[in-house]
Undergrad: 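The structure under discussion is supplied below as structure tokens; questions concerning it will follow.
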There are 2 protein chains.
Amino acid sequence: MSPVRDPDVTRQKILEVAAEEMRVHGYKAASLSEILSKAEVSKGALYHHFANKQELGYAVFEELYAEECLSRWRGALAQEDVLDGICHMLSDFEDQCSDEDIACGCPVNTISQEMAAVDDGFQKQTFNMYQRQARMIEEALLRSSEQGLVKSGIDCEQTALFIVAGFQGIASMMKASRSRETLHKLHAGLADYVQHLRA
Amino acid sequence: MSPVRDPDVTRQKILEVAAEEMRVHGYKAASLSEILSKAEVSKGALYHHFANKQELGYAVFEELYAEECLSRWRGALAQEDVLDGICHMLSDFEDQCSDEDIACGCPVNTISQEMAAVDDGFQKQTFNMYQRQARMIEEALLRSSEQGLVKSGIDCEQTALFIVAGFQGIASMMKASRSRETLHKLHAGLADYVQHLRA
DNA sequence: GAGTATACAAACCGCTTGGTCGGTTTGCAA
DNA sequence: TTGCAAACCGACCAAGCGGTTTGTATACTC
């Protein structure tokens, strides 16, 4: 049977509760006391697994937020028709997300806007995340370009970067609007853009 | 000569210093003590002009952030060629903004991401701001459509919304990257999109 | 010039925050 | 069975926060 103490489980529990709190309240406003009580874990346990709040934040970002985000892109870009893959990802997200998800927005975008200017660690993490996304998309576009799927004239790096920006912008407006209708129109706008890349 | 006490000047001073602090640190992390000491104003003065921090925040958003943002759009959309107007606005911004501006990002986007989920007032203010921008762009597109400047098939509302999202997304990535080069590529991407709307 | 509302000054307050630290319990190895 | 390190507990702390209150100086009105 499982032991009374399992450090991995404890750490994961803290991580997940912290992620949820930070998704809703942001990094700074996420209270350690609140996290501890919701995770049913003592302060001693937390500070045993993480040096301080900052490192907890970094871990949440890297192990949960970034991972979720990248896996979504991996799925979309693995489709044989990359453009359709992206569009399907958009409508899938729209179908799956709850009202709370809409209100909370994209955690990467939220943390980035809150912290990038005042914490170099978060700035590097978020920038790195965006670069990885852009790189993935760029490679997919280059592949598609060779296959004759997308127009030949386009600058794949620039386009990939703009697609990432489009996503983040949609996340921003989704959060600000709290409106599924707005989200739908925005997705339609991005889908149009993506499809116009087709050869 | 000017009186020793001028309530309007005092209020404006508080507003401007608060705006600067919130631009850098966000709303919650902007400290009233810090604002007061930088503005060389007492706590009594602040609480004479504003009921609480929240109302100060709302005033900063409405009277400074929103105004600056909207005036930029007004200028761009007043051009006879709206598409060029937007593109010029992009390159003007790029030329004028300092490294600090890049690092701080767009204050509307920053505040929106920080507060929209936890404060209905900020949520409404930011959404309203985005809607006004979108409306302005939509009307400009409709005008241009009648003039035969832009393609006839486009959905002006959806396109306008996506342009606003594109802007916010660029602001997000600009802040996260702290890189002028990235900003330039993003602007180029958006400019391409805007120009492809041309008839 | 008196009276009064406005405009400020600054000491003060309760509360929450992230973080510390001495002590205790658990699990495993020898 | 013993020994010890890892895991955890929770009382405690200083600092900073937004906000209140009491008092005073200025400016305008009559």
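The sequence lines fix the lettering, A, B, ..., with proteins before strands; numbering per chain opens at 1. Just so we're clear, the structure is a prediction, and the values are computed from it rather than from any experiment. These numbers come from the heavy atoms of this one structure, side chains and all, not from hydrogens, waters or symmetry mates.
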Undergrad: Can you confirm whether the side chains of B/Tyr58 and B/Gln54 place a donor and an acceptor under 3.5 Å from each other?
TA: yes

Undergrad: Please report, rounded to the nearest Å, how far the C1' atom of D/dG19 is from the CG atom of B/Leu56.
TA: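 About 13 Å, once rounded to whole Å.
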
Undergrad: With a 4.0 Å limit, can you tell me whether B/His49 has a side-chain N or O closer than that to the phosphate oxygens OP1/OP2 of C/dC8?
TA: yes

Undergrad: Scan residues 189-199 of chain A for pairs that pass salt bridge (charged side-chain N to carboxylate O under 4.0 Å, His left out), counting only residues two or more places apart or in two chains.
TA: A/Asp81-A/Arg198, A/Asp84-A/Arg198

Undergrad: Taking DNA chain D as the partner, which of residues 7-19 of chain A come within under 4.0 angstrom of it by heavy atom?
TA: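 Of all residues in residues 7-19 of chain A, the ones placing a heavy atom under 4.0 Å from DNA chain D are A/Pro7, A/Thr10.
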
Undergrad: Side chain of B/Lys53: nearest nucleotide among C/dG18, D/dG19, C/dA9?
TA: D/dG19

Undergrad: How would you list, by chain and number, every residue that makes a salt bridge (charged side-chain N to carboxylate O under 4.0 Å, His left out) with B/Glu146, sequence neighbours excluded?
TA: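 Partners of B/Glu146 by the salt bridge (charged side-chain N to carboxylate O under 4.0 Å, His left out) criterion come out as none, since no residue qualifies.
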
Undergrad: Please list all pairs passing the ring pair (Phe, Tyr, Trp, His ring centres under 6.0 Å) test where one or both residues lie in residues 126-154 of chain A, with sequence neighbours left out.
TA: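 Listed by first then second residue: nothing to list.
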
Undergrad: Holding to salt bridge (charged side-chain N to carboxylate O under 4.0 Å, His left out), I want the full list of residues that pass it with A/Glu63, two or more places apart in sequence or in another chain.
TA: A/Arg11

Undergrad: Among pairs that include at least one residue of residues 102-122 of chain B, which meet salt bridge (charged side-chain N to carboxylate O under 4.0 Å, His left out), considering only residues two or more places apart or in two chains?
TA: A/Arg178-B/Asp120

Undergrad: Among pairs that include at least one residue of residues 152-173 of chain B, which meet salt bridge (charged side-chain N to carboxylate O under 4.0 Å, His left out), considering only residues two or more places apart or in two chains?
TA: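 Salt bridge (charged side-chain N to carboxylate O under 4.0 Å, His left out) check on residues 152-173 of chain B returns A/Lys185-B/Glu157.
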
Undergrad: Please give me every residue in residues 20-40 of chain B whose heavy atoms get under 4.0 Å of an atom in DNA chain C, ordered by residue number.
TA: none

Undergrad: Taking only the side-chain heavy atoms of A/Asn52 (C-beta and beyond), determine which of C/dC8, D/dG19, C/dG19 contains the nearest atom.
TA: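 In terms of side-chain proximity for A/Asn52, the closest of C/dC8, D/dG19, C/dG19 is C/dG19.
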
Undergrad: Over how many whole Å does the gap from B/Tyr47 atom OH to C/dC12 atom C1' extend?
TA: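 Spelled out: OH on B/Tyr47 to C1' on C/dC12 is 14 Å.
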
Undergrad: Check this one for me: any side-chain N or O of B/His48 less than 4.0 Å away from OP1 or OP2 of C/dC8?
TA: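 B/His48 to C/dC8 OP1/OP2: no side-chain N or O under 4.0 Å.
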
Undergrad: Please list, chain by chain and in numerical order, all residues satisfying side chain to side chain donor-acceptor pair (under 3.5 Å) with B/Asp8, sequence neighbours excluded.
TA: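 Applying side chain to side chain donor-acceptor pair (under 3.5 Å) to B/Asp8 gives none.
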
Undergrad: Counting only side-chain heavy atoms from C-beta out, which of C/dC8, D/dA7, C/dG18 sits nearest to A/Lys43?
TA: C/dG18

